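Just so it is clear: chains get the letters A, B, ... in the order the sequence lines come, proteins before strands, and each one is counted from 1. Note that the structure is predicted; figures quoted are calculated from it, not measured. Excluded from the calculations below are hydrogen atoms, water molecules and symmetry mates; all remaining heavy atoms, backbone and side chain alike, are included.
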Number of protein chains: 2
Amino acid sequence: MQKEIPLQDMQQDNEFERYESQFKALADKKRLHIMNILTQRGKTCVCDLAPLMGMTQSKLSYHLKILWDAGIIHKETKGTNSYYSINTKEINHLLSHELCCIFKPSC
Amino acid sequence: MQKEIPLQDMQQDNEFERYESQFKALADKKRLHIMNILTQRGKTCVCDLAPLMGMTQSKLSYHLKILWDAGIIHKETKGTNSYYSINTKEINHLLSHELCCIFKPSC
DNA sequence: AAAATTAATCAAAAAAAATTGATTAACATG
DNA sequence: CATGTTAATCAATTTTTTTTGATTAATTTT
């Protein structure tokens, strides 16, 4: 027998779950740094990002996957290269204008 | 011998560190729920919050401390009771207007 | 077609965060 | 002053996340 859970609570729970994963993605200095670099440089190849971050390829892939799974960066593959960039729409939806500035070259 | 680190990088590192702790605080479903309740009810006593969250006192204290350390909630003690509330200023600085709505009774 | 390049994935180990139950500290009440 | 209430802290355990190094898969180049 399953416990009755009101529909509204379930929707809210799902909403919280999505935000949880997005905040989790941002809750790390290294990943904030990645976000900042992607902002400055725009679409960037993993092969360029690795030396900029001073990170091994495998570690970088792990962190990029977390950002990508949370939907806050885009991914594009060309041949053997992968290019990542900020999902501006999602970031705008999530963060204050002030804070978005850290992830915007214009500021 | 210490490695030279440019001043700008250090400042940025500190900035990232602060945001890291704030996002970390928000990167948990239970804590988002706490934030939501504080938003709905305003200043709330721990003794009221515990049954609302269905949490033991010790666990709740742990999570409140994380939110408070990150500076996104206020704390006020009266006698043996502690009251917590949203730090609206800090939340506004951090989150988009849309998202603030989850933490604002007016929306 | 073989060799080289790039990035994702995997499994094991290490590190960090969360949970639990008990204790402590501060205050309030009879 | 003894008792009860509230919330913070602590230590031990469990769970989750991160790191590491190796392997794999896909594509490109020679």
Inset, instruction - Taking the side chain as every heavy atom from C-beta outward, state whether A/Ile102 and A/Thr39 have any atom pair closer than 4.5 Å. - result: no
Using a 3.5 Å cut-off and no angle test, enumerate the donor-acceptor pairs between side-chain atoms of residues 73-81 of chain B and protein atoms at least two apart in sequence or in another chain.
unit_1  : atom_1 : unit_2  : atom_2 : d
B/Glu76 : OE1    : B/Lys43 : NZ     : 3.0
B/Glu76 : OE2    : B/Lys43 : NZ     : 3.4

Legend entry - Nucleic acid contacts - residues 68-76 of chain B versus DNA chain C, non-hydrogen atoms under 4.0 Å: none
Legend entry - DNA chain D: 5'-proximal contact among A/Lys78 and A/Gln57 (nearest heavy atom): A/Gln57
Inset, instruction - Could you list the residues that satisfy salt bridge (Lys or Arg N to Asp or Glu O under 4.0 Å) with B/Glu98, not counting sequence neighbours? - result: none
Inset, instruction - Can you run down the salt bridge (charged side-chain N to carboxylate O under 4.0 Å, His left out) pairs that involve residues 56-72 of chain B, sequence neighbours left out, and say none if there aren't any? - result: B/Lys65-B/Asp69
Inset, instruction - Could you check whether A/Ser61 gets within reach of a base, just the sugar-phosphate, or nothing at all, counting any heavy atom under 4.0 Å? - result: base
Inset, instruction - With rounding to the nearest 0.5 Å, note down the distance linking OH in A/Tyr84 to OG in A/Ser61. - result: 6.0 Å
Legend entry - Inter-residue atom distance B/Ile66.CD1 - B/Gln22.CD, 0.5 Å rounding: 13.5 Å
Legend entry - NZ/NE/NH1/NH2 to OD/OE distance under 4.0 Å, B/Glu20 and A/Lys24: no
Legend entry - Nearest-angstrom distance from the residue atom CE of B/Met55 to C1' of D/dA7: 15 Å
Legend entry - Separation of D/dT18 P from A/Ile34 CD1 (nearest whole Å): 11 Å
Legend entry - Inter-residue atom distance B/Ile37.CD1 - B/Leu32.CG, 0.5 Å rounding: 11.5 Å
Legend entry - CE-NZ distance between B/Met53 and B/Lys30, expressed to the nearest 0.5 angstrom: 8.0 Å
Legend entry - Outermost DNA chain C nucleotides near chain A [under 4.0 Å, heavy atoms]: C/dT5 to C/dT9
Inset, instruction - Report which part of the nucleic acid B/Ile66 touches: base, sugar-phosphate, or nothing (heavy-atom distance under 4.0 Å, all strands). - result: sugar-phosphate
Inset, instruction - Under 4.0 Å between any heavy atoms, over every strand shown, what does A/Tyr83 touch: base, sugar-phosphate, or nothing? Just pick one. - result: nothing
Legend entry - From A/Leu99 atom CG to B/Glu15 atom CD, the distance as rounded to the nearest 0.5 Å: 8.0 Å
Inset, instruction - Looking only at side-chain atoms of A/Lys59, point me to the closest of D/dA7, D/dT20, D/dT18. - result: D/dT20
Inset, instruction - Quick one: pull up CD1 in A/Ile86 and CD in A/Gln40 and give me the separation to the nearest 0.5 Å. - result: 10.0 Å
Legend entry - Close residues, residues 21-29 of chain A, relative to DNA chain C [heavy-atom separation under 4.0 Å]: none
Inset, instruction - By nearest nucleotide on DNA chain D, pick out whichever of A/Ser58 and B/Asp48 is the more 5' one. - result: B/Asp48
Legend entry - For atom NZ of B/Lys30 and atom C1' of D/dT16, their distance in whole Å: 11 Å
